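What follows is a set of notes on a single structure, which appears directly below.
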Amino acid sequence: MIAVDEHKRAQESVASSSIVVVDDEPAILASLTSLLRRQRFAVHGFEAGTEALEFLRNNPVSLILSDMKMPEMNGREVLQKAAQLNPDSVRILMSGHESKEEILAAISDGIAQFYIIKPWDDEALRETMGEAIRLQQELKALRLKEVLRSLNALPSPSRFQTGLWQLLAKPEKPIHELAEEIERSPALVAKLLRVANSVFFGARQKVTTVLDALRLVGTQYVVSMAISIESLNAATGGMSTDTAARVEKIWERSLRKTHLAKQIASRWQNFQQMHALTIASLLQDVGIIILMCYRPEEYRRYQSLLDTKGATPYALQREVFGITHEKLGEAVLEYWNFPKEISGAVGRHHGPTENDTIAVILQLTNILDDENDARPYDESILPLVGEWSNITGT
């Protein structure tokens, strides 16, 4: 059963992948995009390489398919520059038989990994695209494992966290048992009570105990915060004063965005994943915190380049760390045995949401909070931004 589920998830992941297609002939571009959209790929078509590259600057995609012979910029040049912007993307060249030698040269140089000859066979093209994306996903998974292995002494899931998950699994979650479990960590209690007394909750009376917090703030939100705080505490032990200050700023920003995410979720039709959304929102930047704490020298270089180079944080993270913070965050949360609905949403809070409602709400929240910081985001959700801005008053 597990193998079947994994295979099904892999198929769904391939089907929801984002693809860029570049061809200067409108009829061919329309034919390709229509064919691939029928396979449930998210397809972005462009008639010029410059337009495609502009899109790729802020939008990670799984695959880039480009025609070889085009005016101004040929397919080889498009893929060469695309590799710098989206190094994890599969790159495919397409052309007639007369350009086969040029295409093979591009493959031998590492600019493209596959080629398709025109006129193409629809079924063969779909199979090639699907296989290319599956291969790309396997390679990304291997790179993630390598990155995790490179993070020396990354903590394992704490017994405290495991205990809370077990309590939440009980049909009737006794409030006093939750309080007792949380009170085992004095540092957690202090931070939890500070948050519970903050402006986000506006309690008329001072919250002085964990039981008070559970009653006034709500069991699910308190437990979500407890799991998130304890996970960050485990990951940031022994950090410097400067790093601690940076982590505190990230936490405060996460709290602000979580409050907004809860506002959106409370009005979202048939949404029933508030607990998962809360944890995913609070921990969406755990990847950058891990890099800050476990790769301090590279992080200082990243911060310096960010201040001077003018590149986007997303592009610089790929350049300096070889991975972006949301994908690292997803891998770390999976390592800590968080439910897939939480780790997956964290991994999708930038780029394509793959129709994950939690990821959509996270991205909406990030755009409403700071659009520049939210990039790259799934542009398909932009029509929702104005509507939710009016509803939430942001």
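It should be emphasised that the depicted structure is a prediction, and the values quoted were computed from it without experimental measurement.
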Is a side-chain donor or acceptor of [X] paired with a backbone partner of [Y] at a separation under 3.5 angstrom?
{"X": "Arg37", "Y": "Val43", "value": "yes"}
{"X": "Glu298", "Y": "Phe321", "value": "no"}
{"X": "Thr392", "Y": "Trp388", "value": "yes"}
{"X": "Gln363", "Y": "Leu382", "value": "no"}
{"X": "Asp109", "Y": "Ile111", "value": "no"}
{"X": "Asn197", "Y": "Lys206", "value": "no"}
{"X": "Asn86", "Y": "Ala82", "value": "no"}
{"X": "His275", "Y": "Tyr221", "value": "no"}
{"X": "Gln284", "Y": "Ala345", "value": "no"}
{"X": "Ser304", "Y": "Arg300", "value": "no"}

Reported [atom1]-to-[atom2] distance for the pair [X] and [Y], which is rounded to 0.5 angstrom:
{"X": "Ile289", "Y": "Thr236", "atom1": "CD1", "atom2": "OG1", "result": "7.5 Å"}
{"X": "Leu63", "Y": "Arg91", "atom1": "CG", "atom2": "CZ", "result": "10.0 Å"}
{"X": "Met225", "Y": "Gln220", "atom1": "CE", "atom2": "CD", "result": "12.0 Å"}
{"X": "Cys293", "Y": "Ile288", "atom1": "SG", "atom2": "CD1", "result": "10.5 Å"}
{"X": "Arg246", "Y": "Met292", "atom1": "CZ", "atom2": "CE", "result": "6.5 Å"}
{"X": "Arg76", "Y": "Ile107", "atom1": "CZ", "atom2": "CD1", "result": "11.0 Å"}

Would you call [X] and [Y] a salt bridge, using N to O less than 4.0 angstrom?
{"X": "Glu371", "Y": "Arg375", "answer": "yes"}
{"X": "Glu123", "Y": "Arg126", "answer": "yes"}
{"X": "Glu252", "Y": "Lys249", "answer": "no"}
{"X": "Glu230", "Y": "Arg184", "answer": "no"}

Do [X] and [Y] have side chains that get closer than 4.5 Å, going by heavy atoms?
{"X": "Arg348", "Y": "Leu362", "value": "no"}
{"X": "Ile133", "Y": "Phe41", "value": "yes"}
{"X": "Phe46", "Y": "Glu54", "value": "no"}
{"X": "Arg301", "Y": "Leu305", "value": "yes"}
{"X": "Leu277", "Y": "Phe271", "value": "yes"}
{"X": "His259", "Y": "Gln263", "value": "yes"}
{"X": "Arg318", "Y": "Lys327", "value": "no"}
{"X": "Leu283", "Y": "Trp336", "value": "no"}

Quick one: closest heavy-atom pair of [X] and [Y], and the distance?
{"X": "Glu341", "Y": "Ile358", "answer": "O-CD1, 4.0 Å"}
{"X": "Val61", "Y": "Ser18", "answer": "CB-O, 3.5 Å"}
{"X": "Val90", "Y": "Ala132", "answer": "CG2-O, 3.3 Å"}
{"X": "Ser281", "Y": "Ala261", "answer": "OG-CB, 4.3 Å"}

Discussion item. For Arg194 and Ser198: C-alpha separation, side-chain torsions, deciding distance, then whether side-chain hydrogen bond (donor to acceptor under 3.5 Å, both in side chains) applies.
Written reply: CA-CA 6 Å; Arg194 179 162 62 85; Ser198 72; over 6 Å; no
Worksheet item: Does anything in residues 64-84 pair up under ring-ring contact (aromatic ring centres under 6.0 Å, His included), and if so which pairs, sequence neighbours excluded?
Response: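 Qualifying pairs, neighbours excluded: none.
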Fill in: Pairs meeting criterion ring-ring contact (aromatic ring centres under 6.0 Å, His included) with involvement of residues 352-378, two or more places apart
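For residues 352-378, and leaving out neighbouring residues, there are no ring-ring contact (aromatic ring centres under 6.0 Å, His included) pairs at all.
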Worksheet item: Looking at Leu364, Leu384, Leu368, Ile367, which one forms a side-chain contact (heavy atoms from CB on, under 4.5 Å) with Ser389?
Response: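 Only one option passes, and that is Leu368.
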Worksheet item: Checking side-chain hydrogen bond (donor to acceptor under 3.5 Å, both in side chains) against Lys257, which of Asp370, Asn366, Thr365 comes through?
Response: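 The option that passes is Asn366.
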Worksheet item: Only one of Glu326, His325, Glu319 forms a side-chain hydrogen bond (donor to acceptor under 3.5 Å, both in side chains) with Tyr314, so which one is it?
Response: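 Filter result, single survivor: Glu326.
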Practice prompt. Tell me yes or no: between the side chains of Asp242 and Ser240, is some donor less than 3.5 Å from an acceptor?
Written response: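 No, Ser240 and Asp242 have no side-chain donor paired with an acceptor closer than 3.5 Å.
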Show which side-chain atoms of residues 20-32 pair as donor or acceptor with protein atoms under 3.5 Å away, not counting sequence neighbours.
residue, atom, partner, partner atom, Å
Asp23, OD1, Glu25, N, 2.9
Asp23, OD2, Lys118, NZ, 3.1

Item to complete: Indicate if Leu35 and Tyr115 have the same hydrophobic cluster label, given that clusters are the connected sets of ILVMFWY residues with side-chain heavy-atom separations under 4.5 angstrom.
Response: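 The answer is no; the residues belong to distinct hydrophobic clusters.
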